[in-house]
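Please read these numbers as outputs of a predicted model, since none were measured by experiment. Chain A is the first sequence line, chain B the second, and so forth, proteins listed ahead of strands; every chain is numbered from 1.
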Number of protein chains: 2
Amino acid sequence: MKNRRVTMQDVADRANVSKTAVSLAFNNSNRLAEATVKNILEAAAELGYSGDPAARMLRTRRTDSLGLLLPQQLDKVLENPYYTQFLQGIGQTCQREGFTLLLAPPLRGSMLKTIPYAAVDGFIVSGLEHDRGEVKALQQRGIPFVLVDSELHDDVPSVEIDDSEGMEELLGHLLSLGHRRIAIVAIETGTEGGYQNWRGPVLRRMQGAIAALASHAMAPESDGITVLEVPCTRAGGAAAFQQLWAQTERPTAIVAFSDIIALGVLDAARDADVAVPQEISVTGFDDLAEASWSSPSLTTIRQPIETKGRLAAEYLVESIAGASSARDHHQRLHTVLLVRDSTGPAPVR
Amino acid sequence: MKNRRVTMQDVADRANVSKTAVSLAFNNSNRLAEATVKNILEAAAELGYSGDPAARMLRTRRTDSLGLLLPQQLDKVLENPYYTQFLQGIGQTCQREGFTLLLAPPLRGSMLKTIPYAAVDGFIVSGLEHDRGEVKALQQRGIPFVLVDSELHDDVPSVEIDDSEGMEELLGHLLSLGHRRIAIVAIETGTEGGYQNWRGPVLRRMQGAIAALASHAMAPESDGITVLEVPCTRAGGAAAFQQLWAQTERPTAIVAFSDIIALGVLDAARDADVAVPQEISVTGFDDLAEASWSSPSLTTIRQPIETKGRLAAEYLVESIAGASSARDHHQRLHTVLLVRDSTGPAPVR
DNA sequence: CTGAAAGCGCTTACAG
DNA sequence: CTGAAAGCGCTTACAG
């Protein structure tokens, strides 16, 4: 005997009703006589019937699932506690609205391949620093989406923070402490040609730094200012510190573009017996929980990570439901400078 | 003009070919003349065609997606770093095998509702301590699944750790340090009637504890032994400490069933100016990264969280591919006792 | 209160 | 190398 799938027709046959009735029994049981429903449910149980999600989706044109489109491999992404918080925000909305969440990393190295294949009602796109056709593919797909922490597009909804403002404030803090030899450790962008070719949040943070430097008649090209790119990991931060500390002209402050990088810098400084902030100041960006636990605790820019996730998902759910305020949704959230123990006056040499 | 979806038929019409050819152009382009493929792809681009995932799934009977069935709300689950690690393990396999990952928490409070609705090729079920029909629903659904950290079922594949062994070793360590007043802080089960009614990992850990106590002619009911249940959060741990410290007969050691709870205990101990391990010893279970960073660093049982995720996903992928070793897959992984700074000799009173 | 029929948008033997 | 046709398993107006 072939182990054929039990279908709705099988249940209908067994209960001596139509497929219509079976469908109604599961989805709209109050439109059927009570006895009929009972009869159908019994038949379904006896046969071990379980509805087919794909068929239902095809018919109803809904999946009740949100997609999170990621620019990197899943295990890499989850290394950064940032994403855990972001996921929590999205998760709150999903829960409340009854959506499941599909994590969709690049397939065979390409986001373009995952966009048309994911069975979702809408996408949250996170960290698309450099659009290489993804936005067009998303538009072609014809379902709502929001860009988060990404390069901006005029006609595409987005949720972001004021990266530039945050970084300007942070550098202002360091400059006012007398720091003039500053290393800026950015998140690797994978582009050539230095910061001129950056995009998205990394570029905006750099612009904030530039603005702050300018107010002291300095620039990224000034003596004493170093700009470098590392992967957004603890290891990346540690490597950055080692490289910078090996220079003959050491910086008095290291500005990391993310907390996880800054924590790596602290690790390496501790290993090298370099006192923070006496010998060197270190700053982060994000305000992860770890930033306040570290020793010394980390001066950083707080951004509302969870809120970002929640708002992006809320917007998406609204769009899916058909709210037409869609096109011009650009949300920009504010940041807060938190001065803790990892920054102090520039050491006098 | 109606904004109708662009379908494969539209592309076929425009390119003057059949739907078959269009499908082939996208999925098997080498079976078509090069010129035909080019022609079709152009037509598709002009029309902005994007294939329909639901239709493809219905036809091919594949979703290329794994489901992670969760016993709690998404945002609650992600509060525990345990899950981040577990997800990383699953993520590795998903990545390698080309699957996306669907996070499927209970819908409207019930896992039973999410099981038949998720468009996945298989489920990883995590932390199903107490089966209330979920296993039957899963079997009825007719796709492969693995139980992780769950109540055991003879004919259902599972991946777990040796909870009992780990906890026995841990209590052995404390007993050998002279502790005789021990509080056991378990993870809330939601069942009535104390540990006799527990199931799954929590029960197995308790059994390990009982075995260790027995070797010193003690039992959970002995003088000095307290058993209590709290939510698996830092706050839960803090509350447990406060309650225990308020007793007239204070314990000399607190055994938490998870690191996150133990870290909460340490928080509260610090707040109360109670010295660990001089005044009280504290132990965890899991060995999260945080366990070695905390001060004092935490004595705990290491379990291979990431490996568990990876193995569960690997098994699932194999089952989906049709490997028939399915029914009798029961994997049990070992644990390791890590003695750090949070445990010491029982204080003499 | 229940059923017959259409159709969601694909893929895949099969035939030529 | 390409196409006609069947069919995956549902839901939903519509009719009675």
Legend entry - Base-contact (B) and sugar-phosphate-only (S) positions in nucleotides 11-16 of chain C, heavy-atom cut-off under 4.0 Å, - elsewhere: BBB---

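- A salt bridge is absent between B:K38 and B:E34; no separation between the charged side-chain nitrogens and carboxylate oxygens falls under 4.0 Å.
- Counting only N and O atoms by type, the side chains of A:Y117 and B:T100 include no donor and acceptor under 3.5 Å apart.
- Atom CZ in B:R61 sits roughly 17 Å away from atom P in C:dC10 (whole-Å rounding).
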Inset, instruction - Could you check B:L152 against B:E160 for side chain to side chain contact (heavy atoms under 4.5 Å, CB included), going step by step and ending with a plain yes or no? - result: CA-CA 9 Å; B:L152 295 179; B:E160 28 149 9; 3.7 Å; yes

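- For B:D13, the side chain to side chain donor-acceptor pair (under 3.5 Å) partners are B:Q9, not counting sequence neighbours.
- Side chain of B:L32, nearest nucleotide from C:dT2, D:dT2, D:dC8: D:dT2.
- Rounded to whole Å, the distance from CG on A:L58 to P on D:dG9 is 12 Å.
- Considering only the side chain of A:T7, D:dG9 comes nearest among D:dC1, D:dG3, D:dG9.
- Nearest nucleotide to the A:R5 side chain, out of C:dC8, D:dA4, D:dG9: D:dG9.
- Scanning residues 34-47 of chain B for heavy-atom distances under 4.0 Å to DNA chain D yields B:T36.
- Summarising the local packing, NZ of A:K113 is surrounded by more than 12 heavy atoms from other residues, nucleotides or ligands at distances under 6.0 Å.
- By the 4.5 Å heavy-atom criterion applied to side chains, A:F145 and A:V156 are counted as neighbours.
- Listed by chain and residue number, nothing satisfies the ring-ring contact (aromatic ring centres under 6.0 Å, His included) test with B:Y82 (two or more places apart in sequence, or in another chain).
- Put simply, CZ on B:F26 is 16 Å from P on C:dG9, counting in whole angstrom units.
- Between B:L101 and B:L87, some side-chain heavy-atom pair lies under the 4.5 Å cut-off.
- Here the side chains of B:I90 and B:F86 are in contact, with some heavy-atom distance below 4.5 Å.
- Residues B:L316 and B:F99 fail the side-chain proximity criterion, which asks for heavy atoms closer than 4.5 Å.
- Side-chain contact between A:T7 and A:K19: absent, with no pair of heavy atoms (C-beta onward) separated by less than 4.5 Å.
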Legend entry - 5'-to-3' dot-bracket of DNA chain D (Watson-Crick, G-U; under 3.5 angstrom; crossing pairs as [ ]; | other strand): |||.||||||||.|||

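- Taken residue by residue, residues 112-121 of chain B places no heavy atom nearer than 4.0 Å to DNA chain D.
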